Amino acid sequence: MQNYYVSTPIYYVNDEPHIGHAYTTIAADVLARYHRMAGCNVLFLTGVDEHGQKVEQAAGLKGIAPIELAEEVVERYRSLWPQLEISNDDFVRTTEARHKRAVTEIWKRIEAAGAIYKGFYEDLYCVPCETYWTATQIKDSGHADDKRCPDCGRPVEQVKEESYFFRLGDYQEQLLEHIRANPDFIGPESRRNEVLRFVEGGLRDLSVSRTTFSWGIPVPGDDAHVIYVWIDALTNYLTGAGFPDKETPHWPCDVHLIGKDILRFHAVYWPCMLLAAGIPLPKRVYAHGWWTVEGEKMSKSKGNALRPDQLIEEFGTDSIRYFLLREVPFGQDGDFSHAALKQRYNTELANDLGNLLNRSLSMLHKYQGGVLAACSSEQESDRGLVAAVESMQRDVDAAMQRQAFHEALEKINGVVRLGNRYVEDNAPWALSKQGETERLATVLYHLVESLRLVVLQLVPFMPGKCAMMLSQIMNEALNVEALRLVDHGGWGLLAEGHACARPSPVFPRME
Ligand code: MSP
């Protein structure tokens, strides 16, 4: 069985989950579900990032210990994911013993390769981004104020302390070669070019330890230092794969899904760390865009961060999952608005898909007592529908390999629209009136069978709604997680004589 490994970033525990965190996790979930359905042995990993100065400061503000804050926030993530139908196989906390072993081990391997040395760091640091900056970088970033982070615009602090350094610069050429030789290593294309330009600009050695706070994993053999939180956090991807205690059949990871803001860490620091440690590089890093909410940037100060649990209450899990992956091409920025969600839901799910299922099953009940009969009168339009379904299956597969969720959904919706036209063109009501029973049976069969295969492709996106739709078609409660494309994806598997359930609305209109 082929392995497939997909990861999300691990989320900082200084703040509660919002729609941005849900976005990556839903996208990763869709890939995980799709690949399970395609027969792969899947590892889908998510988790939380508990260490570092930012979390320590957030806990300090609340007057509690960092671990207490972590315990509180980790529960929010752990309880949110099942509500969003997230099917992760593991959940890494960076305070776990297995993770500390992994981080300690990778540090030792990098050190053994001669890529770590002790020095003195004297420059600037952005705590919210957990990022080092030089004065020149900050000046070049164009901020009028030279004390602000080029990425987030918040004040940076002066850091002056003994530090271990990673010889990042030594891996520059190897990394460039790797990126050039593996066009799929970084996606989308625009991000790949951005990384290439950055690396070509030269890599400076990276400070990888701190001494002025203690909330982290100690440097092996030097307790006065804690390991830089990004070195700690990135290693979670190995921890979840079993490193260093077990065999790691899932490594290298098939795709790290991340947001565009943390691309440099994943596409530069992480591969260089792995090169130094002699560990294979992930196959792909894919950076998605950012969401605004009703046209505005989400921020703590505005208090407008969109909380997934509130949205679930308002719209339901599957509508959110569908909207997030359909509205914006994965990789681009987008805006979340209530109006846009309702609009998409009403047109694509309620009108097009829900309606097609409802009218198809209703007609089957009205004209044939809910029972499918033999397809003895095939015509060109039937063969057209079958061909469209089969090419959709191929297109969806290709899109999923490129994380092009919006494209996959567009292909699926294309077949739904074709199905609605097929109904109009073949007018089952007229066939019934004219007593053309064989032709009528053929049309109804093609409708129901094409819907079954459309819904099967939608399972990874909307597992709950698809379970409802398939249970109407199959006339039994189904465990959608057990469905496999090889067993269930072929045309013609619905048998003549099969009775479908009576339809009930799956996507009631939103007002
Ligand atoms: N802890 C680090 C990641 C370490 S991974 C080894 C971190 N955590 S985070 O909680 O701040 O952010 C996690 C993810 O949320 C990032 O991928 C980021 O892009 C994403 N998002 C945060 N706000 C977002 C939006 N408004 N829209 C989309 N994604 C956003 O960074």
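Read the numbers this way: they start at 1 and go in the same order the structure lists the ligands and their atoms. Since the model is a prediction, treat every value here as computed from it, not as a measurement.
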Colleague: Do Phe336 and Phe323 have ring centres separated by under 6.0 Å?
Modeller: yes

Colleague: Check whether the ring centres of Phe166 and Tyr171 lie less than 6.0 Å apart, and answer yes or no.
Modeller: yes

Colleague: Taking Asp397 first and then Arg402, would you say they form a salt bridge - that is, a charged N and a carboxylate O separated by under 4.0 Å?
Modeller: no

Colleague: So which pairs with a foot in residues 73-86 pass side-chain hydrogen bond (donor to acceptor under 3.5 Å, both in side chains), sequence neighbours left out?
Modeller: His21-Tyr77

Colleague: Ligand 1: which protein N/O atoms lie under 3.5 Å from its N/O atoms?
Modeller:
residue	atom	partner	partner atom	Å
ligand 1	1 (N)	Ile10	O	2.8
ligand 1	1 (N)	Asp49	OD2	2.7
ligand 1	10 (O)	Tyr12	N	3.2
ligand 1	10 (O)	His21	NE2	3.4
ligand 1	17 (O)	Gly259	N	2.9
ligand 1	19 (O)	Asp261	OD1	2.4
ligand 1	19 (O)	Trp290	NE1	3.1
ligand 1	26 (N)	Trp291	O	3.1
ligand 1	27 (N)	Trp291	N	2.9

Colleague: Which residue is it: Arg101, Lys108, Arg109? I am looking for the one with a side chain to side chain donor-acceptor pair (under 3.5 Å) to Glu105.
Modeller: Arg109

Colleague: Can you check whether Phe330 and His406 have ring centres sitting under 6.0 Å from each other?
Modeller: no

